[in-house]
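Computed from a prediction, not measured in an experiment: that's the story for all the values here. Along the sequence shown, the residues carry numbers beginning at 1.
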Amino acid sequence: VATNSPFSLAEDENFREFVGVRMPGFAPSRKAVKDMAMELSHICMERVIRVLSTSVACALIDDEWTSKSADGFVGASLLMIDEDFDLRLVSIGLQYLPKTDGRKHNGERISEDLESMFSEFDSIAESLGLKGPNGERFCARDLIHVATSDEAKAMLNANKLFMHGDLRKVLRCLVHRLSSAMKDWALLNANVQELFGHLNAIAKSIHLSQAARDAGCAIVTMVKTRFLSRWLCAKSALKSKDNLITFAGSSDATKSLKEHTNNVNWELCSYVVELLSCVCQSMMSLAGDTYVTAPLVIPTSFDILSNLSAF
């Protein structure tokens, strides 16, 4: 789980030999590992449902993205305030949307997938004997106070449908809205656009060149949002400015790096970093410096890993 490895790894000869050194005689099959993961997932779901049933407030956080192969994924998590007024963030599902089924990744489809996730919640709650606040049949969706996502039209429409059309319960992610505002500002300034273009080219050149990385010129390229990544890239480039300017190499990547480095308006770069510092630091304080959908996946991994000791 921690390394995102397939279950088939359990049947790899070298892996089984490695496990056998520490745990002689223990050689789980791919099916055994899958069954273990499914059982742990069910245990975690039961815990989430119990917290949800007594929560003071709950928000649904969801997102949809498409892979390079055009397959889609919908992820959802719950941010809850429990009865002890502690904040809980838990992942509740990651739905696979294969391109081969011919269905569009629109709001209607995503809403159906959310319905599917929550109907599973309701089935588990019924098996646990849980009831709604007034003794009625447990319905997880009725306990959601607000649904939030990025500014994608499909997600906003999906949340609108999921929340029975109540727009008061559909919000746009604040971090994405801040990012969009900064992006709109940058698009109005040709010099800033050119600056970010050079910085992106530098980051790409460094990523492609082992020599540049060895020279200590690495700058941030994978971060929270598209705009925040540009700001962090500019901030890191300023720190590595001397190395970037003096570094020279023979490969195409390092030639490109040197060319774009020489064209960077460092005074403008410093100004942009300082000007946007307050907003970008606020975005990082709100959501960290990893991509927005990471909170949908990471809690699941840690929940499973923390329960592996039971086996």
Side-chain angles (χ1 to χ4, degrees), residues 1-6 9 12 14 63 65-71 73 150 175-176 178-180 182-281 283-285 287-298 301:
V1 173
T3 58
N4 197 28
S5 301
L9 178 65
D12 179 81
N14 294 322
D63 196 10
W65 63 98
T66 304
S67 67
K68 291 182 179 179
S69 61
D71 289 326
F73 298 87
D150 59 19
V175 174
H176 280 89
L178 287 172
S179 178
S180 295
M182 293 300 97
K183 181 180 178 181
D184 291 342
W185 168 80
L187 289 175
L188 295 175
N189 191 312
N191 291 331
V192 174
Q193 287 188 62
E194 183 180 8
L195 168 66
F196 285 144
H198 287 307
L199 291 172
N200 287 341
I202 289 173
K204 183 177 180 180
S205 299
I206 290 174
H207 176 70
L208 295 173
S209 171
Q210 182 63 47
R213 292 198 296 272
D214 291 343
C217 299
I219 56 179
V220 175
T221 56
M222 294 297 293
V223 286
K224 175 78 184 132
T225 64
R226 291 182 179 87
F227 187 83
L228 183 56
S229 66
R230 293 184 176 93
W231 179 78
L232 286 171
C233 184
K235 186 177 180 181
S236 298
L238 281 173
K239 291 183 178 180
S240 305
K241 177 182 175 182
D242 293 338
N243 285 339
L244 288 170
I245 291 175
T246 58
F247 179 78
S250 57
S251 69
D252 290 339
T254 51
K255 286 180 181 178
S256 173
L257 183 153
K258 190 172 183 64
E259 175 186 348
H260 287 285
T261 299
N262 290 337
N263 290 330
V264 170
N265 182 337
W266 292 104
E267 185 176 340
L268 176 61
C269 184
S270 178
Y271 169 73
V272 168
V273 169
E274 182 178 358
L275 177 67
L276 303 180
S277 177
C278 181
V279 174
C280 291
Q281 290 289 359
M283 290 166 64
M284 293 177 67
S285 297
D289 58 359
T290 54
Y291 188 65
V292 67
T293 49
L296 306 178
V297 180
I298 293 174
S301 303

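In this structure the side chain of Leu275 reaches within 4.5 angstrom of the side chain of Trp185, judged on heavy atoms. At least one side-chain heavy atom of Ile206 sits less than 4.5 Å from a side-chain heavy atom of Leu244. Contact annotation: the side chain of Val272 approaches that of Phe196 to within less than 4.5 Å [non-hydrogen atoms, C-beta and beyond]. Inter-residue side-chain proximity for Ile219 and Ile202 is flagged as met; some heavy-atom pair is nearer than 4.5 Å. With a 4.5 Å cut-off on side-chain heavy atoms, Thr261 and Phe247 do not count as touching.
Interatomic distance, CG of Leu195 versus CG of Asn263, reported as 11.5 Å (0.5 Å rounding). Here CD of Glu274 is found 8.0 Å from OG of Ser277. Values are rounded to the nearest 0.5 Å. With rounding to the nearest 0.5 Å, the separation of SG in Cys269 from CG in Leu238 is 4.0 Å. Here NE2 of His198 is found 9.0 Å from CG of Asn265. Values are rounded to the nearest 0.5 Å.
Under the 3.5 Å distance criterion, the side-chain polar atoms of Ser236 are matched with a main-chain donor or acceptor of Leu232.
Of all non-hydrogen atoms in Trp266 and Ile245, the two that sit nearest each other are NE1-CD1, 4.1 Å. When every heavy atom of Cys233 is checked against every heavy atom of Leu199, the shortest pair comes out as SG-O, 3.6 Å.
Between Thr254 and Ser209, the side chains place no donor N or O within less than 3.5 Å of an acceptor N or O (distance only, hydrogens not considered).
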